[in-house]
Asks: 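Have a look at this one.
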2 protein chains.
Amino acid sequence: MSKEADGGLSALPIASTLHTIPARRLILHPKEWSEFVPIVCSGWAMSSIALPDGRRQVISFLLPGDIVSVGSLLAPLSGHTVEAITEVTYRKFKRQEIKDLLFARSDLLERLFTLWNEAKARADQLALDLGRRRADERIARLILRLSEKVAKRSLVRTQTFDFPLRQRHIADATGLTPVHVSKILGELQRAGMIEISGRSLTILNASELQRVADWR
Amino acid sequence: MSKEADGGLSALPIASTLHTIPARRLILHPKEWSEFVPIVCSGWAMSSIALPDGRRQVISFLLPGDIVSVGSLLAPLSGHTVEAITEVTYRKFKRQEIKDLLFARSDLLERLFTLWNEAKARADQLALDLGRRRADERIARLILRLSEKVAKRSLVRTQTFDFPLRQRHIADATGLTPVHVSKILGELQRAGMIEISGRSLTILNASELQRVADWR
DNA sequence: CGGCCCTTTGACGGACGTCAAATAGCGTGG
DNA sequence: CCACGCTATTTGACGTCCGTCAAAGGGCCG
């Protein structure tokens with residue numbers, strides 16, 4: 001996989017409009033099927049699905065370069081809510097223009113297939129994690145995955161990175177309650193594996209954290 | 001969605017070979033990336049991912065007409081184990097031939113995109129179920145989903161249908177233990193909602209079962 | 001400065017897992 | 001056809017993990 005998470009789509013010669021949205025606001029409504037496809041340019045967002053009673057599950061966190069819903073590029077796909085976590089800027093592309101371009105350049109189409117399969121593989125792994133791993137494992141894995149995702153963008157791997165998630169975001173990503181997330185994060189910090197302060201996270205003991213996460 | 005779960009692919013003029021495999025045998029190894037794509041012709045199979053220590057999660061049950069891993073049609077996708085539950089017959093198509101045909105007929109390609117997104121949507125829903133629903137909800141939903149899946153194939157909706165799953169299959173699909181599955185199934189039966197006997201299942205009280213399942 | 005959300009902590013409860021034993025079913029080979 | 005052995009199912013006792021509830025700070029923004 002390349003270092004550009006969108007497969008280079010954002011660098012293509014297609015018309016787009018730039019938008020800015022404050023934290024906590026919706027970027028995509030679950031019922032919406034617009035003619036536009038957004039790509040995140042700055043900030044963090046999350047894609048989730050929800051039950052009528054408010055329970056919800058985060059499917060993926062979106063960082064700069066991520067296409068909001070890869071699957072929606074070529075065929076309708078709805079039900080996902082996309083919400084800004086920090087302030088987010090994003091670019092809206094016309095779906096039809098992307099589609100035309102993709103079909104004109106089979107190399108890009110192949111890249112899209114790969115991106116699509118990666119998204120599916122992540123969804124399957126998420127199901128495995130939620131069905132078969134315990135709270136500390138899930139949280140440690142989330143931290144390590146986000147650490148890798150951030151590292152891929154900054155091109156350097158640092159122990160400390162920007163971490164704007166609230167504990168309720170972590171809870172909705174791991175199928176836990178915010179209270180329990182707080183307890184586990186406290187344990188991980190007291191054990192000297194990580195440190196969270198301000199809006200950034202430091203991995204202090206990577207190998208121990210990986211052991212807890214049952215990594216790879 | 002059409003009544004043919006593979007979007008009509010199995011009726012296409014492509015060379016294929018027919019295979020038969022006994023229950024409990026593997027159809028696709030997790031490391032394998034062959035040049036063939038199997039489509040189930042008879043019997044039940046399951047697609048799952050596993051951890052080294054044996055814990056595993058069923059991602060989908062495959063019934064006649066189902067393509068084994070839609071995503072693998074156009075780009076590599078591995079990690080899934082596909083195992084026969086009953087005796088299974090399936091047809092192996094050459095990946096390259098399917099690919100050529102799909103690109104020659106854009107109507108079929110569009111159908112594939114739709115199948116693709118349906119698979120992704122099911123994976124996301126699975127994550128929501130595993131992360132946010134309780135045991136009885138998960139099991140009731142699995143039963144109702146399978147009932148619909150079977151009904152779509154037989155073209156009639158009957159209260160009783162073929163149900164070859166062992167409780168460990170249900171456990172691996174719902175993220176539970178076989179013991180707990182047994183308890184919940186016992187409750188559902190004592191409550192008069194379902195009856196399981198031999199290798200078939202009867203839905204006795206659909207509306208109650210739907211209520212437990214928090215259906216739709 | 002005030003209000004709101006977030007985080008932390010503890011006590012308690014419920015859901016689900018683990019362990020174990022008894023029974024039933026099912027396929028295989030004699 | 002029966003005997004055997006394996007696997008699946010059922011059930012109960014008990015333990016653990018995680019959720020719920022509640023209260024007390026802490027941080028952030030108007």
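Keep in mind that this is a model prediction, so the values were computed, not measured. Within every chain, numbering begins at 1; the chains are lettered A, B, ... in the order of the sequence lines, protein sequences first and strands thereafter.
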Asks: Would you call B/Arg132-B/Asp214 a salt bridge at under 4.0 Å N-O?
Replies: no
Asks: Using a 4.5 Å cut-off on heavy atoms from C-beta on, say whether the side chain of B/His169 contacts that of B/Phe61.
Replies: yes
Asks: Side-chain donor-acceptor contacts of residues 31-39 of chain B below 3.5 Å, not counting sequence neighbours, with atom names and distances?
Replies:
from, atom 1, to, atom 2, distance (Å)
B/Glu32, OE1, B/His29, N, 3.2
B/Ser34, OG, B/Phe36, N, 3.0
B/Ser34, OG, B/Phe36, O, 3.1

Asks: With respect to A/Lys149, which candidate in A/Arg145, A/Lys152, A/Arg153 satisfies the side-chain contact (heavy atoms from CB on, under 4.5 Å) definition?
Replies: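 In the set A/Arg145, A/Lys152, A/Arg153, the residue that makes a side-chain contact (heavy atoms from CB on, under 4.5 Å) with A/Lys149 is A/Arg153.
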Asks: How long is the straight-line distance from CD1 of B/Ile194 back to CG of B/Leu188, given to the nearest 0.5 Å?
Replies: 4.5 Å
Asks: Between B/Glu187 and B/Arg190, does any side-chain N to carboxylate O distance fall below 4.0 Å?
Replies: no
Asks: Determine the contact category for B/Arg55: base if any of its heavy atoms lies under 4.0 Å from a base atom, sugar-phosphate if only primed atoms, P, OP1 or OP2 are that close, otherwise nothing.
Replies: nothing
Asks: Regarding A/Arg91 and A/Ser16, do their side chains bring together a donor and an acceptor under 3.5 Å, going by distance alone?
Replies: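 Present: a donor and an acceptor within the cut-off.
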Asks: Any chance CZ of A/Arg134 has more than 12 other-residue heavy atoms, nucleotides or ligands included, within less than 6.0 Å?
Replies: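 Count not over threshold, so no.
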Asks: Considering only heavy atoms, which members of residues 170-184 of chain B lie under 4.0 Å from some atom of DNA chain D?
Replies: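 Here the set is B/Val179, B/Ser182, B/Lys183.
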Asks: Which one of A/Asp124, A/Ile59, A/Val70 satisfies the side-chain contact (heavy atoms from CB on, under 4.5 Å) criterion with B/Lys120?
Replies: A/Ile59
Asks: Does anything in residues 128-146 of chain A come within less than 4.0 Å of DNA chain C? Heavy atoms only, and list the residues if so.
Replies: none
Asks: Just checking B/Arg168: does its CZ atom have more than 12 heavy atoms from other residues, nucleotides or ligands closer to it than 6.0 angstrom?
Replies: yes
Asks: About how many Å separate CZ of A/Arg133 and CG of B/Leu130, when rounded to the nearest 0.5 Å?
Replies: 13.5 Å
Asks: When you measure from the side chain of B/Thr177 to the backbone of B/His180, do you find a donor-acceptor pair of N or O atoms at a distance under 3.5 Å?
Replies: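 Checking the backbone N and O of B/His180 against the side chain of B/Thr177, a donor-acceptor pair under 3.5 Å is found.
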Asks: In degrees rounded to 10°, what angle is found between the helical axes fit to the five outermost pairs at each end of the helix from C/dC1-D/dG30 to C/dG30-D/dC1?
Replies: 50°
Asks: Side-chain contact test, heavy atoms from C-beta onward, threshold under 4.5 Å: evaluate it for B/Leu77 versus B/Ser69 and give yes or no.
Replies: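 The answer is yes, as the side chains (C-beta and beyond) meet within the 4.5 Å cut-off.
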Asks: Establish, yes or no, whether a centroid distance under 6.0 Å links the rings of A/Phe113 and B/Trp116.
Replies: yes
Asks: Report all interatomic pairs (protein N or O, nucleotide N or O of nucleotides 4-7 of chain D) with separations under 3.5 Å.
Replies:
from, atom 1, to, atom 2, distance (Å)
D/dT7, O3', B/Arg24, NH2, 3.4

Asks: Just checking, is any N or O donor in the side chain of A/Ser60 or A/Ser47 under 3.5 Å from an acceptor N or O on the other one?
Replies: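 No, no side-chain donor-acceptor contact under 3.5 Å.
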Asks: At a heavy-atom distance below 4.0 Å, which nucleotide of DNA chain C is the first touched by chain A, and which is the last?
Replies: C/dC5 to C/dA11
